[in-house]
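When reading the values below, keep in mind they use all heavy atoms of this one structure, side chains included, and skip hydrogens, waters and symmetry mates.
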Amino acid sequence: EDLLQILKIFEIPKTANLLVLDPEKISDLVLGIPWRIRFQCPMGYLGFICSYLLLTTREKGRRLLDEAEEHFGAEPGITEDGRRAIQGEIEVCRGMMAYNAVEALCKHYEKAYKLLRGPSRLITGRYLWAFSYVTTVHSLFKEGDFLPHIKLLQDKRECIEGLAGELSAGVYELLLAEYMLETGEYKEAEVLIRKSLYKSAGKGQFLTTLARTYTWCRLLIAQGEPEKAWEEFGNLQATVEKINSLLILRNYQFYSGLLAVILNKAEGIHDWMLELSDAGLHGGFFAEGVLLFVRCKSLLTVKDWQSLDIVLEDAHRHIDMPSVYYLSHRIHLLVLLAINENHKHNIELSLEYLYRAVNMARSDNLVTIIAEYGVHIEALLGQLLKMHPGDVFVARLVKRIRRYTKLELAKNQNLSQREQYVLEKAQNGESNREIARQLGIASASVGNILSRIYRKLGITVKGGSRKNKGRQL
């Protein structure tokens, strides 16, 4: 009876996440429960597996699902309807495990929906659904492959959203917004994020809220509002603490840490991000390259060059391994290798790595993923443009990266928000009159602001037109 009660805990969505408190001890306990007792509470046992998949390897996860399918399928005491429900939930779990392979994900969810004919008990009421569906976007980037995958998800939306019910509201729009952000289509990204927010209002899927806020904050940074982005994401902390879930907390720290990397805020990097390994956080749900590049980006932000060099020794094999065939992961690793070699003054090798990353990014027109490295690669990109003066994509990257290097420069020189705005407009070659009209101030006031900027940056500009002065910044 006591063992049965343990399984029943995992039937309740709000208590299923207790596994993360002591995964090893609790999983050993559950996996030691005899099958005759598991047969009395199949949804409790599958609820355990659903949570356990986040904390174990793919191989062990598959083995557990195969074993469950075999035992429950052979149990004569289970009704035909019960067998269909069990098989449907097993397919849901297989779909969660396959989120890196979009075709397989859709295949499993479609099969699950046909069996269940409605929402999944393992999905509804849990945070896990949003985790498996939203983060699909981070692994979709294969060379020239993103849009076909988006269309595939669109074609399968009925079954995918049918399994999750209200939890899937706004997720598809967020997926598209992420793509628009990566390709530099900021206005379209903003519209899609607002649509996602409207559709999901009041649905209680907080992991989707985290992912959407992270994307929104990246957009704010790209539009020149870094401090607003940092503040808005920080506003979620009180809600995270109130929910009191280790899974939610780690994902909040994960996203805030990635924002800290973009903003070059060493104080925003969490200690555990510096020690990530493939056997660590959500190991079964990440291809090996994800945890590697997140750790490397964290080490770069805290300027631990010695550790970064050691960790990157392993990156070469990851780039060409089948488990790291996702375009975004390989781009990150190549850019990080370029930065590291540049730090060691191996300029030729550094440029080689960076150009490989650029060529991978150009296939899907991904500019933001590279531009967010800002000051770390600005000079290298400039050299690449000199080497390839007719390369339109490199020229676009050089222009885009100035948004991020400007933020770093402004932060270091204590420029106000208005000064940052004027600086950006001047860099773009706009006249004092044009800038004044946008701000609703006198043209002379813009001249005074530019003079303050020159003093703060230690720049003496003599002669030439205002546009030329702005460009010299």
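- When the shell of 6.0 Å around CD of Glu267 is examined, it contains more than 12 heavy atoms from other residues, nucleotides or ligands.
- The side-chain contact (heavy atoms from CB on, under 4.5 Å) check on Asn342 picks up Ile347, Ser350, Leu380, with sequence neighbours excluded.
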Practice task
Verify side chain to side chain contact (heavy atoms under 4.5 Å, CB included) between Met180 and Glu190, making sure each step is shown before the conclusion.
Solution key: CA-CA 9 Å; Met180 291 299 175; Glu190 182 174 348; over 6 Å; no
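- Residue Glu110 holds its CD atom at 10.5 Å from CG of Leu163, rounded to the nearest 0.5 Å.
- Residues Leu210 and Leu236 are in side-chain contact: their nearest non-hydrogen atoms beyond the backbone lie under 4.5 Å apart.
- Note that the CD atom of Glu372 and the CG atom of Leu258 stand 9.5 Å from one another [nearest 0.5 Å].
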Exercise for the section: Take Glu341 and Glu348 through the test side chain to side chain contact (heavy atoms under 4.5 Å, CB included) and record every step on the way to the result. Expected result: CA-CA 9 Å; Glu341 292 301 328; Glu348 188 174 337; over 6 Å; no
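- The pair Arg212-Glu173 does not count as a salt bridge, with every side-chain nitrogen at least 4.0 angstrom from each carboxylate oxygen.
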Exercise for the section: Test side-chain hydrogen bond (donor to acceptor under 3.5 Å, both in side chains) on Thr215 and Glu178 and set out the steps. Expected result: CA-CA 7 Å; Thr215 302; Glu178 188 82 20; 2.6 Å; yes
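- Atom-to-atom distance recorded for Ile369:CD1 and Leu397:CG is 11.0 Å, nearest 0.5 angstrom.
- Aromatic ring pairs are classed by plane angle as parallel below 30°, tilted from 30° to 60° and perpendicular above 60°; the pair Phe233 and Tyr252 is parallel.
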Practice task
List the steps, then state whether side-chain hydrogen bond (donor to acceptor under 3.5 Å, both in side chains) holds for Glu241 with Gln237.
Solution key: CA-CA 6 Å; Glu241 292 171 353; Gln237 186 169 355; 3.2 Å; yes
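- How far OH of Tyr353 is from CG of Leu312: 9.0 Å, rounded to the nearest 0.5 Å.
- Checked against the 6.0 Å centroid threshold, Phe254 and Tyr214 do not count as a close aromatic pair.
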Practice task
Assess whether side chain to side chain contact (heavy atoms under 4.5 Å, CB included) is satisfied between Leu308 and His343, documenting all intermediate values.
Solution key: CA-CA 11 Å; Leu308 179 62; His343 180 72; over 6 Å; no
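- Lys228 pairs by the side-chain contact (heavy atoms from CB on, under 4.5 Å) definition with Leu220, Glu225, Glu232, not counting sequence neighbours.
- By the 6.0 Å contact criterion, CD on Glu158 is open, its count of non-hydrogen atoms from other residues, nucleotides or ligands being 12 or less.
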Exercise for the section: Start with the C-alpha gap between Tyr355 and Asp391, add the side-chain angles, then the distance that decides, and say whether side-chain hydrogen bond (donor to acceptor under 3.5 Å, both in side chains) holds. Expected result: CA-CA 11 Å; Tyr355 200 52; Asp391 195 319; 3.1 Å; yes
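- Judged by the 6.0 Å and 45° rule, Lys297 forms a cation-pi pair with Tyr373.
- The pair Arg356-Glu352 does not meet the salt-bridge criterion, since no charged nitrogen lies less than 4.0 angstrom from a carboxylate oxygen.
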